[in-house]
Amino acid sequence: MSKIAVVYWSGTGNTETMAGAVAEGAREAGAEVEEIQAADFGEDAAAGYDALAFGCPAMGDESLEEDEFEPMFEAVEGSLSGKKVALFGSYDWGTGDWMDAWRERTEGDGAEVVGTAIANLEPDDDVLAACKELGSALA
């Protein structure tokens, strides 16, 4: 049984809703799943999981949230090589370029990115289905 961490930061609840769908998909595929807020996750914790899902909305100039999520992600980047990783998040404006840049960054860390999911504002049924597929792909 795979052990998966779904690590996220959410300001309005949209990314948290997506995290729940990722976790649900992984559980349905038989994985043991923990949903963890970014402030409660760190480099040492990453080693204890077979796969990781990270969720963060786009902020400001289409970047990751800078106070809690970005510092946590920087700390775990050295632990991502060889791990299956999924990325997800929501955005309000822009084109979603932040997700492409985040994927490239994560692949550059040596992770196997199994997929991404983004939502413009509140995730609709199609986005939630894509999130469940991400969870399943991690399991």
Side-chain angles (χ1 to χ4, degrees):
M1 175 184 295
S2 294
K3 186 174 179 183
I4 299 171
V6 179
V7 183
Y8 67 93
W9 185 91
S10 188
T12 63
N14 294 334
T15 301
E16 183 175 14
T17 298
M18 295 173 78
V22 172
E24 182 181 351
R27 284 187 188 104
E28 288 176 358
E32 177 185 340
V33 182
E34 291 184 54
E35 294 177 60
I36 307 166
Q37 292 194 15
D40 299 326
F41 195 79
E43 180 181 5
D44 294 338
Y49 296 92
D50 300 307
L52 303 161
F54 292 104
C56 185
M59 307 293 285
D61 62 347
E62 290 200 73
S63 62
L64 300 174
E65 190 276 331
E66 296 175 344
D67 293 327
E68 290 182 21
F69 193 88
E70 179 65 37
M72 176 279 301
F73 194 74
E74 283 180 9
V76 302
E77 280 184 285
S79 303
L80 298 182
S81 184
K83 292 234 189 227
K84 283 185 174 181
V85 173
L87 305 173
F88 61 94
S90 61
Y91 66 101
D92 184 2
W93 56 273
T95 60
D97 290 341
W98 62 279
M99 185 59 75
D100 293 335
W102 190 16
R103 180 183 189 128
E104 288 175 20
R105 174 181 173 184
T106 305
E107 289 173 339
D109 294 328
E112 176 192 341
V113 178
V114 300
T116 63
I118 61 173
N120 182 251
L121 298 172
E122 186 175 340
D124 60 18
D125 290 342
D126 290 339
V127 170
L128 294 176
C131 288
K132 285 182 73 172
E133 288 175 20
L134 283 179
S136 180
L138 286 175

Could you report the tightest heavy-atom contact between E66 and P71, atom names first, then the distance? O-CD, 3.3 Å
Among E32, E34, E35, exactly one meets salt bridge (charged side-chain N to carboxylate O under 4.0 Å, His left out) together with R27. Which residue is that? E35
Y49 and F41 aromatic ring geometry - parallel, tilted or perpendicular at 30°/60° bounds: tilted
Of F88, W102, Y8, F73, the one forming a ring-ring contact (aromatic ring centres under 6.0 Å, His included) with F54 is F73
Are I4 and D50 close enough that some pair of their side-chain heavy atoms sits under 4.5 Å apart? no
Decide, yes or no, whether a salt bridge links E112 with R103 under the criterion of side-chain N to carboxylate O below 4.0 Å. no
Output for pair (D92 CG, N120 CG), nearest 0.5 Å, gives 7.0 Å
What about L138 and M99, same hydrophobic cluster or not, with Ile/Leu/Val/Met/Phe/Trp/Tyr joined at side-chain heavy-atom distances under 4.5 Å? no
About how many Å separate OG of S90 and CE of M18, when rounded to the nearest 0.5 Å? 6.5 Å
Please report the closest heavy-atom contact between T15 and S10, naming both atoms and the distance. N-OG, 3.5 Å
Looking only at heavy atoms, what is the nearest atom pair of E43 and S79, with distance? CG-OG, 3.7 Å
Do any N or O atoms from the side chain of D124 and from the backbone of D126 form a donor-acceptor pair under 3.5 angstrom? yes
Contact summary for A26 and A139, nearest pair of heavy atoms: O-CB, 3.9 Å
Find out whether V85 and L80 are in side-chain contact, i.e. whether some heavy atom of one side chain is under 4.5 Å from a heavy atom of the other. yes
Hphob cluster co-occupancy, V22 + V113, side-chain heavy atoms under 4.5 angstrom: no
Minimum heavy-atom distance L128-A21, with the two atoms named: O-CB, 3.7 Å
M72 and I36: same hydrophobic cluster, using ILVMFWY side-chain contacts below 4.5 Å? yes
Could you tell me whether E122 atom CD has more than 12 heavy atoms of other residues or ligands within 6.0 Å of it? no
Are N14 and T17 packed together at the side-chain level, in the sense that at least one heavy-atom pair is separated by less than 4.5 angstrom? no
Restricting to non-hydrogen atoms, name the atom on L134 and the atom on L87 that form the minimum distance, rounded to 0.1 Å. CD1-O, 3.8 Å
Is V33 linked to V7 within one hydrophobic cluster, defined over Ile, Leu, Val, Met, Phe, Trp and Tyr using a side-chain heavy-atom separation of less than 4.5 Å? no
CG of D97 to OH of Y91: how many Å apart, nearest 0.5 Å? 9.5 Å
Taken in chain and number order and not counting sequence neighbours, the residues that satisfy side-chain contact (heavy atoms from CB on, under 4.5 Å) with E65 are W9, C56, M59, D67, E68, F69
Please check: side-chain N/O of E24 versus main-chain N/O of K132, any donor-acceptor pairing under 3.5 Å? no
